[in-house]
Undergrad: 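Okay, here's the structure, questions in a sec.
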Amino acid sequence: MTQPSQETLEGRYRALVVEDEPDQRELLRYNLARNGFEVYCAETGSRALAILEEQTPDVIVLDLMLPGMDGLQVCQSIRSRTETSAIPIVMLTARGEDTDIVAGLELGADDYITKPYSPRVLLARVKAVMRSRSKSDGNGQPAGDEPIIRHGDLVIRPERFEVSIDSKPIKLSGTEFRMLVLLAGKPGRVFTRAQIIAAVHGNNCAVTDRSVDVHIFWLRQKLGSAGQLVEAVRGVGYRFRDAES
Ligand code: CA
């Protein structure tokens, strides 16, 4: 028997699953294990933090609704410790928990999945956050070269302040350009409007959520057919489509 999905992950990766419901936990364990992950499971947040004292997994799948310490507190605690601060986190949420999703992303979670979810979506999100983290560590770029972000015909040169589609230059405002670099630099990752504002203008800026929507609207218009790569995530924010997932 061959396991093609295992070949897409080089080597053996470790995942920590934090979920209090036994059936859900077993489903996560099963789906990750059959895709080549070594899986640790925790039924509570405090158990998860205890495991993290001993192990450094490559990814954490964290349910938000946990008894005792909730997922948001667990997320905050993981991000505040040097040893665990860089581990990618995918949150599991129920439908309608938009406020919690926004809070989780702002506390440092990389992405989220809404229950019920398919194993395919789970794997795609897990792999996307792992890729995104390893790229931002600088592994994806040869040292000394100018960083270039490419998605099909779309080419972004952040240092030169240039964007082109099919070699034709596109004129963007400074704000639109910085938003594009932020989103396209981490494809698949959702950014809340507050995170976009902070990245583009700094934390002490009076840019409103509504004006983010306006800038994104114009950014998409100017990108033409590539504009559809910038996706609105209802109730949460925006993401750049991850072509590999
Ligand atoms: Ca739960």
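The first residue in the sequence is number 1, and the count goes up from there. Atoms considered below: every heavy atom in the structure, side chains included; atoms not considered: hydrogens, waters and symmetry mates. Atoms within each ligand, like the ligands themselves, are counted from 1 in listed order.
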Undergrad: Mind checking whether the Ca ion (ligand 1) has an N, O or S of Met65 under 3.0 Å?
TA: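 Yes, since at least one N, O or S atom of Met65 sits under 3.0 Å from the Ca ion (ligand 1).
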Undergrad: By atom name, which N, O or S atom belonging to Asp63 lies closest to the Ca ion (ligand 1)?
TA: OD2
Undergrad: Identify, by name, the N, O or S atom of Asp20 lying closest to the Ca ion (ligand 1).
TA: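 So the atom name we want here is OD1.
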Undergrad: Here's one to test your reading of the geometry: is the NZ or CZ of Arg189 within 45 degrees of the ring axis of Phe191 and under 6.0 Å from its centre?
TA: yes
Undergrad: Does any non-hydrogen side-chain atom of Leu105 lie less than 4.5 Å from one of Val236?
TA: yes
Undergrad: Is there side-chain contact between Val39 and Tyr30, with heavy atoms separated by less than 4.5 Å?
TA: no
Undergrad: Considering only NZ, NE, NH1 and NH2 on the basic side and carboxylate oxygens on the acidic side, decide whether Asp63 and Arg25 come within less than 4.0 Å.
TA: no
Undergrad: Can you name the N/O/S atom of Glu21 that is nearest the Ca ion (ligand 1)?
TA: OE2
